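All values derive from a computational prediction rather than experimental measurement. Within every chain, numbering begins at 1; the chains are lettered A, B, ... in the order of the sequence lines, protein sequences first and strands thereafter.
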Amino acid sequence: MPELPEVETVVRGIRPDLVGKTITSMWTDWPNSISTPTLEAFEAQVVGQQIQAVWRRAKYIVIELADAYLLVHLKMTGRLYVTPVTTQHDADRWVHVKFGLDTGEELRFSDSRKFGRVYLTPDLDAITGSLGPEPLEDDFTLDVMKARLAGRSKVIKALLLDQTFVAGIGNIYADEALFRAKIHPLRKSDSLRDEEISRLYETIRAALSDGIEHEGASINWYRKADGNKGNSQDHFYAYGREGQPCKVCGTAMSKIRVAQRGTHYCPTCQPRE
DNA sequence: CGGACAACCTGGCGGC
DNA sequence: TGCCGCCAGGTTGTCC
């Protein structure tokens, strides 16, 4: 579920709970959650390392250690939070990886669908090297986006979901950005007029920024197992609104399948052309 | 290069 | 209530 705004929200939540603390142990009941290196090597290398910083690259949570990077990708159902060791484990039956901290707390990775992964590497690029630019960074300019569009001819929604094109957009915010830009999700990227590209550039950033401002959709994953709700979903224009009136023109919102993903749009505001 | 699809997994929900 | 099929916010690899 987590896209850029949700991951950013998690990072902001756990950062003060982690920086300066030292990892003292590691546990898992589902070794497939460990992407790289092997479980044995992971444990041997991670124990004893102090956490220097916590940040985000695309949808990856980056926990910077003294000697390596501990990365977590939440994929569809992952959660990551810090809690006292004494917190009952059965309160969250989907915890599959735990890192003990020197404060008597644990960093817990919970993931009901088991798609999420943790990584440990001295070389960040080995994991994140192929990702496209960060859409909210200053160096992602309109010119950069135009340059990356050059020579591409792909259904625009599929392109937005392509993490090597721009990193961090997922199914929700792709729909939101396209709605705000009044662009039909099936438009081919090379059919977009200059002003449409400019609009899309702005709405990508606006949709993601608004998502962060509302602390992500559905849940603040970092808040323990019970998880309070974020309220980003209350502000969606497109996602999950099929059959409901468009917030701009009142037309019933449509839902179709694009790039094998549920896709929501307004047939009036976002004409196919 | 682009598009379709399977795979990785489990839980929730609507329908009957 | 019980069972079944379908859906799900992500990514990667394969095949055409």
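Here A/Lys114 reaches the OP1 or OP2 of B/dT10: one of its side-chain N or O atoms lies under 4.0 Å away. Under 4.0 angstrom from either OP1 or OP2 of C/dG9 there lies at least one side-chain N or O belonging to A/Arg261. When the side-chain nitrogen and oxygen atoms of A/Trp94 are compared with OP1 and OP2 of B/dG11, one or more of them lie within a distance under 4.0 Å. Remark: A/His73 is not in phosphate contact with C/dG10, judged by side-chain N or O atoms under 4.0 Å from OP1 or OP2. In this model, the phosphate group of C/dG10 is approached by a side-chain N or O of A/Lys59 to a distance below 4.0 Å at OP1 or OP2. In this model, the phosphate group of C/dA8 is approached by a side-chain N or O of A/Arg257 to a distance below 4.0 Å at OP1 or OP2. Proximity of A/Tyr239 to the phosphate of C/dG9: a side-chain N or O atom is located under 4.0 Å from OP1 or OP2. OP1 and OP2 of B/dG2 both lie 4.0 Å or more from every side-chain N or O belonging to A/Lys188.
Counting heavy atoms from C-beta outward, A/Ile51 and A/Leu70 have side chains that stay 4.5 Å or more apart.
By the 4.0 Å N-to-carboxylate-O rule, A/Arg12 lies too far from A/Glu215 to be salt-bridged with it.
Pair check for C/dC16 finds B/dG2; Watson-Crick or G-U wobble, both atom distances under 3.5 Å. Pair assignment for B/dC8 gives C/dG10, based on Watson-Crick or G-U wobble hydrogen-bonding distances that are each under 3.5 Å.
To the nearest angstrom, C1' of C/dT11 lies 13 Å from CG of A/Asn171.
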| Derivation and outcome, side chain to side chain donor-acceptor pair (under 3.5 Å), residues A/Tyr173 and A/Glu6 | CA-CA 11 Å; A/Tyr173 295 95; A/Glu6 289 74 33; 2.9 Å; yes
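Taking only side-chain atoms of A/Gln260, from C-beta outward, the nucleotide of B/dG11, C/dG10, B/dA4 with the closest atom is B/dA4.
By the 5.5 Å and 30° criteria, A/Phe115 is not stacked with the base of B/dC9.
A centroid separation of less than 6.0 Å is found between the aromatic rings of A/Tyr60 and A/Tyr119.
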